[in-house]
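The shown structure was predicted, so the numbers you read here are calculated from the model rather than taken from an experiment. Quick note: numbers below take in every heavy atom, side chains included, and nothing from hydrogens, waters or symmetry partners. A note on names: the letters A, B, ... follow the listed sequences, proteins ahead of strands, and every chain is numbered from 1.
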Number of protein chains: 2
Amino acid sequence: MEVLFTFVPRENQQERLLAEFPEVNFRFLYKNKSFLPTADIVVTYGEDLTAEDIESAENLKWIMVASAGIEKMPHDAIEDKGIIVSNVKGIHKTPMAESVLAHLLALKRALPFIYRNQRNGEWNRKTKSSELAGSTAVLLGPGAIGSEIGRLLQAFGVRTIGCNRSGKKAPHMDDMVSFEKVLDVLPEADIVISVLPSTAETYHLLKKEHFRAMKEDTIFMNFGRGDLVEDQVMLEALKTGEIGHAVLDVFEEEPLPADHPYWKMDNVIISPHVSSHSGKYVERALDVFIPNLHAWIKGDTSPSNPVDMKRGY
Amino acid sequence: MEVLFTFVPRENQQERLLAEFPEVNFRFLYKNKSFLPTADIVVTYGEDLTAEDIESAENLKWIMVASAGIEKMPHDAIEDKGIIVSNVKGIHKTPMAESVLAHLLALKRALPFIYRNQRNGEWNRKTKSSELAGSTAVLLGPGAIGSEIGRLLQAFGVRTIGCNRSGKKAPHMDDMVSFEKVLDVLPEADIVISVLPSTAETYHLLKKEHFRAMKEDTIFMNFGRGDLVEDQVMLEALKTGEIGHAVLDVFEEEPLPADHPYWKMDNVIISPHVSSHSGKYVERALDVFIPNLHAWIKGDTSPSNPVDMKRGY
């Protein structure tokens, strides 16, 4: 059996795989797809496969995506060939929830002000610190990551309102609304956080009216995908003071173009799509992959975290 | 009855006091002590009273300190006259715990790196992000504030080890040690946080040997009082790489002198004694003071949060 990694795990991680599966022929090759035609399984970050690649991969039966987003994959080609796709959704929740809380607490506790004064050698105690406690947060997409963010927010005394398609209950949400009713709760939100994936339904889901419904000091955080909001809508909301701050980990165009107005805006934090980064990332992806591969070898072709290429998540 | 505030609450807060206590003669005067000789009660931040002031205050029976630190007060003069002192210890816990978590998460999730790249207009995804989850923290002084920090750390999956004089149990601490045994646990600590007050016992309590026992990437946070560690000891630990980072909210000399080496050090965060700042601060101090004043007027002279001027906290 041939397993092709299109990224290169650390040496000790490679050794872990080789020791677990002496019968498997592993190839760890950074963005080198020359072994694709013979690979039975591909492990990828999900950004490097084209329809032609899928066409050429004659033995390919399973693509394990060591990431959450699959929007850059050739959905039709994969579906046509009946290739199974799975991802590692759950493993992002800890670093992403910590990033969300880091940015929120940094703004509330005036860390940008504190850092700036230190750079200037200035002892300045005139912080405009506030507190996260007592805030209300609306979470768009309270799945594995959103619920983990909700759990931590609740620990800080934040009221959480989850928002999904159905409005059905989700963990660590004090209240729930459906997308259709989100305008009703946005006026209460001190914080609005999206961790929604990119799908046909979430494309440009947030419009002018949503930002107009928010408070003038609302912190909006997009940690899902950049096509949730059109750039012009986001820019207008920020420039006219309809909201207070945006903390953006994702953008319509990535890398964010060098001349984009966001770079110079005081009320925008640009996090260059790094909120899920963690020194523990590949280790955790292998924790998901290894039991799935053991099962696969025994004939169980239903790995955990299967992805429906039609729905897009 | 005369109550002298040596700071000036916001207008709505003054109105709240006047409405609650029509019989009381309030004076709200910023650092003006001309009414001290006739005041029955003084409400102060604790930094503006001298032994001579206490001598002149012939009617003074109760000093309410709207702060936690009382080390700048004239202890002997107050004790000699049998004046009751109380403070508002508990009200710092929310902003301080949020500040501690903000700084920790900012370092773990690479916020200084993210902010710097944005200033430089650089899309740079090479963060060295790590996670707070799975860390071990040693908390020096797990009282009201320390335990609140412990509660939040535990929510992030951090193991908490409290350290006090007796080693007796404290809330939200997975383990406890006495000060005498702290060297045994420091080698396990990824994070060491002090919220200790300034007393004879805590003066220069942490010495070279304590920093040598820590890991080379330990984050040390002093959010108590600056005289816990001698400057030279702290500087040596940081310069020789005995520890990774220091986040300091308090200093041996405040304001921190303009030529102090900390200002230029990459592994030091200077928070200019602002970690307890909050827009909700005076409001909460009044929430403590008002019921105590009602009781006092009825003859109950034992306000909540009494301070023992001998012990120093």
Most heavy-atom pairs under 4.5 angstrom with chain B, which of [options]?
options: A:K108, A:K264, A:Q154, A:E122; answer: A:E122
options: A:A133, A:G279, A:S130; answer: A:A133
options: A:V268, A:L101, A:I269, A:L107; answer: A:I269
options: A:R125, A:H103, A:E254; answer: A:R125

Side chains of [X] and [Y]: donor-acceptor distance under 3.5 Å anywhere?
X: B:H172; Y: B:S147; result: no
X: B:D231; Y: B:H260; result: yes
X: A:E131; Y: B:S278; result: yes

Find the one option among [options] whose heavy-atom pairs under 4.5 Å with chain A are most numerous.
options: B:T94, B:L132, B:N117; result: B:L132
options: B:N124, B:N120, B:L111; result: B:L111
options: B:P255, B:S99, B:A258; result: B:P255

| Are there more than 12 heavy atoms of other residues, nucleotides or ligands under 6.0 Å from atom CG of A:N12? | yes
| Measuring heavy-atom distances to chain A, does B:E148 have an atom under 4.5 Å in its side chain, in its backbone, in both, or in neither? |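 It is neither, since no heavy atom gets under 4.5 Å.
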| query | So which part of B:L152 gets closer than 4.5 Å to some heavy atom of chain A, the side chain, the backbone, both or neither? | reply |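 Just the side chain, heavy atoms under 4.5 Å.
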| Closest heavy-atom contact between A:S275 and B:R109? | O-NH2, 2.8 Å
| note | When every non-hydrogen atom of B:V288 is compared with those of B:S304, the smallest separation belongs to CG1-OG, 3.9 Å
| A:A106 versus chain B, the contacting section by heavy-atom distance below 4.5 Å |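 Looking at A:A106, backbone and side chain both touch chain B.
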| query | Strictly under 6.0 Å, is that where the ring centroids of A:H92 and A:Y281 end up? | reply | yes
